[in-house]
Amino acid sequence: MEVEIDTSKVVNNILKLPELIQNALWDATFDIVELVQTRAVDNLQANMAHSTGELVQSLKYEVVVDSDNQVVGRVWSDNAVAAYRELGTGIHGQESPKDLPSGISPTYRQTPWFIPADAVDVDLSAVYGMPAVNIKGKRFYISQGQPARQFLVPALRSVLDGDAEKIIKTRFGDIQGGLDA
């Protein structure tokens with residue numbers, strides 16, 4: 001009795017695996033950073049009484065393969081206000097509670113500073129309680145900073161603690177669909 005075994009499908013599937021795994025990793029990373037960005041937007045919109053929408057619109061995300069051939073997802077803003085909001089500023093920012101990723105240790109200005117009233121489009125006394133002074137006919141607000149009002153780190157933590165594992169399992173479960181039966 002002779003049995004013939006066709007191993008070509010098995011070999012083809014084995015050859016497809018690295019590409020399918022890379023694609024699943026890319027797709028899972030993309031889904032995760034997209035969800036982090038969405039949650040960050042939700043966090044911002046939930047507690048911004050005076051907003052032009054500029055900060056929300058500045059949030060970006062990408063997935064890249066770095067020089068070590070690692071798939072890396074990033075969520076960021078190129079608007080300086082994002083860092084001030086996330087970390088706080090001045091004495092109030094330093095004293096406010098915040099969840100900082102490892103390796104992040106901001107330094108804070110310890111002295112007050114002046115903000116020209118004509119440089120902002122809202123009354124900072126009414127909005128934030130900043131005192132105002134007139135100096136040589138010009139109006140200035142005096143700031144000692146603002147507390148951290150984090151939106152990005154909480155978005156990241158909520159996705160990593162709640163959704164990332166499910167996303168990864170789903171994307172890696174899809175690998176079987178790319179294999180020949």
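At least one donor-acceptor pair under 3.5 Å links the side chain of D66 to the backbone N or O of N69. Under a 3.5 Å cut-off, the side chain of T89 and the backbone N or O of Y84 do not form any donor-acceptor pair. With hydrogens and angles disregarded, no donor-acceptor distance shorter than 3.5 Å links the side chain of S77 to the backbone of L59.
Residue pairs meeting the side-chain hydrogen bond (donor to acceptor under 3.5 Å, both in side chains) criterion with at least one partner in residues 153-165, sequence neighbours excluded, are R39-S158, R39-D163, D99-R157, E165-K169. Within the structure, the salt bridge (charged side-chain N to carboxylate O under 4.0 Å, His left out) test picks out the following pairs touching residues 109-118 (sequence neighbours left out): D118-K138. Listed by first then second residue, pairs satisfying salt bridge (charged side-chain N to carboxylate O under 4.0 Å, His left out) with a partner in residues 20-31 read D27-R171, D31-R171, not counting sequence neighbours. Annotation: salt bridge (charged side-chain N to carboxylate O under 4.0 Å, His left out) contacts involving residues 68-95, sequence neighbours excluded, comprise K60-D78, E62-R74.
Following chains of ILVMFWY side-chain contacts shorter than 4.5 Å, one can reach W113 starting from V122, so the two form part of one hydrophobic cluster. Residues F30 and V65 fall within the same hydrophobic cluster, defined by Ile, Leu, Val, Met, Phe, Trp and Tyr side chains chained together at heavy-atom separations under 4.5 Å. A continuous path of Ile, Leu, Val, Met, Phe, Trp and Tyr side chains, each step under 4.5 Å between heavy atoms, connects L100 with Y108, placing both in one hydrophobic cluster. Two different hydrophobic clusters hold V72 and V63 under the rule that ILVMFWY side chains link at heavy-atom gaps under 4.5 Å. The hydrophobic clustering, which links ILVMFWY residues whose side-chain heavy atoms are closer than 4.5 Å, places F151 and W76 apart.
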Checking I115 against L124 for the side-chain contact (heavy atoms from CB on, under 4.5 Å) test, could you report, in this order, the C-alpha distance in whole Å, the side-chain angles of both residues, the deciding distance, and whether it holds? CA-CA 9 Å; I115 302 169; L124 298 180; 4.1 Å; yes
Could you go through the side-chain contact (heavy atoms from CB on, under 4.5 Å) check for V159 and V33 one step at a time? CA-CA 9 Å; V159 171; V33 296; over 6 Å; no
Carefully, step by step, assess F172 and L25 under the rule side-chain contact (heavy atoms from CB on, under 4.5 Å). CA-CA 8 Å; F172 276 82; L25 181 59; 4.1 Å; yes
Checking side-chain contact (heavy atoms from CB on, under 4.5 Å) for the pair L152/V36: CA distance, chi angles, key distance, verdict? CA-CA 8 Å; L152 192 52; V36 169; 4.3 Å; yes
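The minimum heavy-atom distance between W26 and V71, with the atom names listed, is CA-CG1, 4.1 Å. Scanning both residues, V133 and F114, for their nearest heavy atoms gives CG2-CE2, 4.0 Å. Listed here is the closest heavy atom pair of L44 and L55: CD2-CD2, 3.7 Å. For the pair A155 and N43, the tightest heavy-atom approach, listed with the atom from each and the gap, is N-ND2, 3.7 Å.
Taking CG of L35 as the reference point, atom OH of Y61 lies at 10.5 Å (rounded to 0.5 Å). Rounded to the nearest 0.5 Å, atoms CG (D42) and CD (Q37) are 9.5 Å apart.
Partners of Y141 under the ring-ring contact (aromatic ring centres under 6.0 Å, His included) rule, at least two apart in sequence or in another chain, do not exist in this structure. Residues satisfying the side chain to side chain donor-acceptor pair (under 3.5 Å) test with S125, not counting sequence neighbours, are none.
For CD of Q110, the number of neighbouring non-hydrogen atoms (other residues, nucleotides, ligands) closer than 6.0 Å is greater than 12.
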